[in-house]
Protein chains: 2
Amino acid sequence: MTAKKGFIRRTKQREVILDVLRSTRSHPTADWVYQEVRKEMPNVSLGTIYRNLKTLTEMGQALELSYGSTYSRFDGNPENHYHFVCEECGQVTDLDLPVQKQLEEDVSDMIDGQVSYHRLEFYGVCRDCLSLAEATDHEAE
Amino acid sequence: MTAKKGFIRRTKQREVILDVLRSTRSHPTADWVYQEVRKEMPNVSLGTIYRNLKTLTEMGQALELSYGSTYSRFDGNPENHYHFVCEECGQVTDLDLPVQKQLEEDVSDMIDGQVSYHRLEFYGVCRDCLSLAEATDHEAE
DNA sequence: AAGGTTATTGAAAAGAATTATCACTATGTC
DNA sequence: GACATAGTGATAATTCTTTTCAATAACCTT
């Protein structure tokens, strides 16, 4: 073994992708990034864009705006309320927090537009998955 | 003309779907709903589930937890901050609101779990799309 | 600088969730 | 009951994203 295991190499592709990301405030989609990067590296592949956006996000150099899962979830309670999403098991729980309706007016004034609703979501690890992780840790000892 | 135009008919399928939705607090995916509904209506099709979940959401009887668009957006600024999403043009803008980091502790205590981050998003119509709509209204007069 | 290891790439195929299509069915009005 | 058409089941098509795999290139060791 010569190269350090799990090391992240610096590549021209990832560099250009990060430059593109930093050059805009438009919160681009993967495909938009792809088109931009192609201007500088015509042979770059879309797979590389996705791979690196993921890597950059994991490295804390970028933010991904989407749910962990690609599919929608539905709620029979149509009143606005906030959620907690467990990143381990995917469970979604309702939170008993007061809904700050007046925030919508604040934002509506800020952007000089019209706000119809807002969503607040918390991400992390739920109690069950936490104790499960502990149990596994002990096992490994 | 006999039947009222644009009328929404009551169907057994939609009824069962709403019952299933209301019977759980698990924020199910479309596929989970599909499996449940099939127990009562084995011939129901997945397309019907999607159609009705959409209809129910439009009717205000259900809530959909997902972004309008299916694809992710990325941000070169990895600091947590809040967003406004225009439902007309899809544009995403950063909001200059203070990030309430302490909310995460509150929630963490509430659920007895671990919160690593949170997201707050506002949805509506941006200024540009608003004035565009106005212009079009005038045209139609 | 050369050699070796393996992370990363490009190209293309596969995957997963959702939406569209279309002939048929069944709801609601008259 | 008869009509008009919204809704359905079945399936094909889309769309975004991930995976696969042989070839390449980054980085460590010598």
Side-chain angles (χ1 to χ4, degrees), chain A residues 1-18 20-21 27-59 61-74 85 90 92, chain B residues 1-20 27-59 61-74 85 90 92:
Chain A
M1 168 255 227
T2 46
K4 216 185 291 179
K5 216 180 163 185
F7 192 79
I8 294 183
R9 293 179 183 162
R10 210 162 62 77
T11 68
K12 228 180 295 179
Q13 285 85 344
R14 187 178 308 126
E15 227 164 86
V16 175
I17 290 170
L18 188 52
V20 166
L21 260 191
H27 305 83
T29 61
D31 195 67
W32 188 90
V33 174
Y34 177 47
Q35 302 306 337
E36 287 300 306
V37 172
R38 283 223 294 189
K39 291 178 183 170
E40 203 154 322
M41 310 179 79
N43 287 336
V44 77
S45 105
L46 187 54
T48 298
I49 305 294
Y50 274 103
R51 265 187 306 251
N52 280 298
L53 287 174
K54 192 179 176 184
T55 307
L56 287 168
T57 301
E58 285 167 0
M59 285 164 54
Q61 307 258 51
L63 225 54
E64 180 174 2
L65 307 183
S66 94
Y67 288 81
S69 45
T70 58
Y71 40 73
S72 283
R73 289 173 169 275
F74 296 86
V85 181
V92 181
Chain B
M1 169 252 225
T2 46
K4 218 183 292 180
K5 214 181 167 184
F7 191 78
I8 294 183
R9 293 178 183 163
R10 210 160 62 78
T11 66
K12 230 182 292 181
Q13 284 85 345
R14 186 177 311 123
E15 224 165 89
V16 175
I17 290 170
L18 188 53
D19 281 351
V20 165
H27 304 83
T29 61
D31 196 67
W32 188 90
V33 174
Y34 178 47
Q35 303 306 335
E36 287 299 307
V37 173
R38 283 224 293 190
K39 291 178 183 170
E40 206 154 321
M41 311 179 78
N43 286 336
V44 77
S45 108
L46 186 54
T48 297
I49 305 294
Y50 274 104
R51 265 189 305 252
N52 280 298
L53 286 174
K54 193 178 177 187
T55 306
L56 287 168
T57 301
E58 284 168 359
M59 287 165 51
Q61 307 258 50
L63 225 54
E64 179 174 2
L65 308 181
S66 92
Y67 287 80
S69 47
T70 59
Y71 38 75
S72 282
R73 289 172 169 277
F74 296 87
V85 181
V92 180

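In this text, all values refer to a predicted model and were calculated from it rather than measured experimentally. Lettering of chains follows the sequences in order, A, B, ..., and the numbering in each one begins at 1.
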Legend entry - Atom-pair distance (CH2 on Trp32(B); P on dA16(C)), nearest Å: 21 Å

Inset, instruction - State which residues pass side-chain contact (heavy atoms from CB on, under 4.5 Å) with Thr11(B); sequence neighbours excluded, sorted by chain then number. - result: Gln13(B), Arg14(B)

Inset, instruction - Might you point out which heavy atoms bring Val33(B) and Pro28(B) nearest each other, and give the distance in Å? - result: CG2-CG, 3.9 Å

Legend entry - Nearest-Å distance for atom pair CZ/C1', residues Arg9(A) and dT24(D): 10 Å

Legend entry - Closest listed nucleotide, where the reference is the side chain of Thr48(B) and the choices are dG28(C), dT9(C), dT8(D): dT8(D)

Legend entry - Under 3.5 Å: donor-acceptor pair, side chain of Thr57(A), backbone of Leu53(A): yes

Inset, instruction - For the side chain of Arg51(B), starting at C-beta, report the closest nucleotide among dT18(C), dA4(D), dT8(D). - result: dT8(D)

Inset, instruction - Using only side-chain N and O atoms of Thr11(B), determine if any of them is under 4.0 Å from OP1 or OP2 of dT8(D). - result: yes

Inset, instruction - Within residues 36-47 of chain A, find the residues that approach DNA chain C with a heavy atom at under 4.0 Å, and present them sorted by residue number. - result: Asn43(A), Val44(A), Ser45(A)

Inset, instruction - Mind checking salt bridge (Lys or Arg N to Asp or Glu O under 4.0 Å) for Lys39(B) and listing every partner two or more places apart, or none if nothing turns up? - result: Glu36(B)

Inset, instruction - Tell me what Asp31(A) touches on the nucleic acid: a base, only sugar-phosphate, or nothing, going by heavy atoms under 4.0 Å. - result: nothing

Legend entry - Heavy-atom pair of closest approach, residues Ser45(B) and Tyr34(B): C-CE1, 3.9 Å

Inset, instruction - Mind checking Arg10(B) for me? I need base, sugar-phosphate or nothing, with any heavy atom below 4.0 Å counting as a touch. - result: sugar-phosphate

Inset, instruction - Give a yes/no answer on whether the side chain of Gln13(B) brings an N or O atom under 4.0 Å of OP1 or OP2 in dA26(C). - result: no

Inset, instruction - Give Arg14(A) one of three labels, base, sugar-phosphate or nothing, depending on what nucleic acid heavy atoms sit under 4.0 Å from its own. - result: sugar-phosphate

Inset, instruction - Just jot down the salt bridge (Lys or Arg N to Asp or Glu O under 4.0 Å) partners of Glu15(A), sequence neighbours excluded, or say none. - result: Arg10(A)

Legend entry - Nearest-angstrom distance from the residue atom CD1 of Ile49(A) to P of dT15(D): 20 Å

Inset, instruction - Output all residues satisfying side-chain contact (heavy atoms from CB on, under 4.5 Å) with Gln35(A), sequence neighbours left out; order by chain, then residue number. - result: Asp31(A), Arg38(A)

Inset, instruction - Go through dT19(C), dT17(D), dG7(D) for me and flag the one nearest to the Tyr50(A) side chain. - result: dT17(D)

Legend entry - Helical bend (five base pairs per end, nearest 10°) for the helix from dA1(C)-dT30(D) to dC30(C)-dG1(D): 50°

Inset, instruction - Measure the distance from CG on Leu53(B) to C1' on dA17(C) and round it to the nearest whole Å. - result: 13 Å

Legend entry - Between dT8(D) (C1') and Asn52(B) (CG): distance, integer Å: 9 Å

Legend entry - For atom OH of Tyr34(A) and atom C1' of dT17(D), their distance in whole Å: 14 Å

Inset, instruction - Just compare dC28(D), dT8(C), dG10(C) and give me whichever is closest to any side-chain atom of Phe7(A). - result: dC28(D)

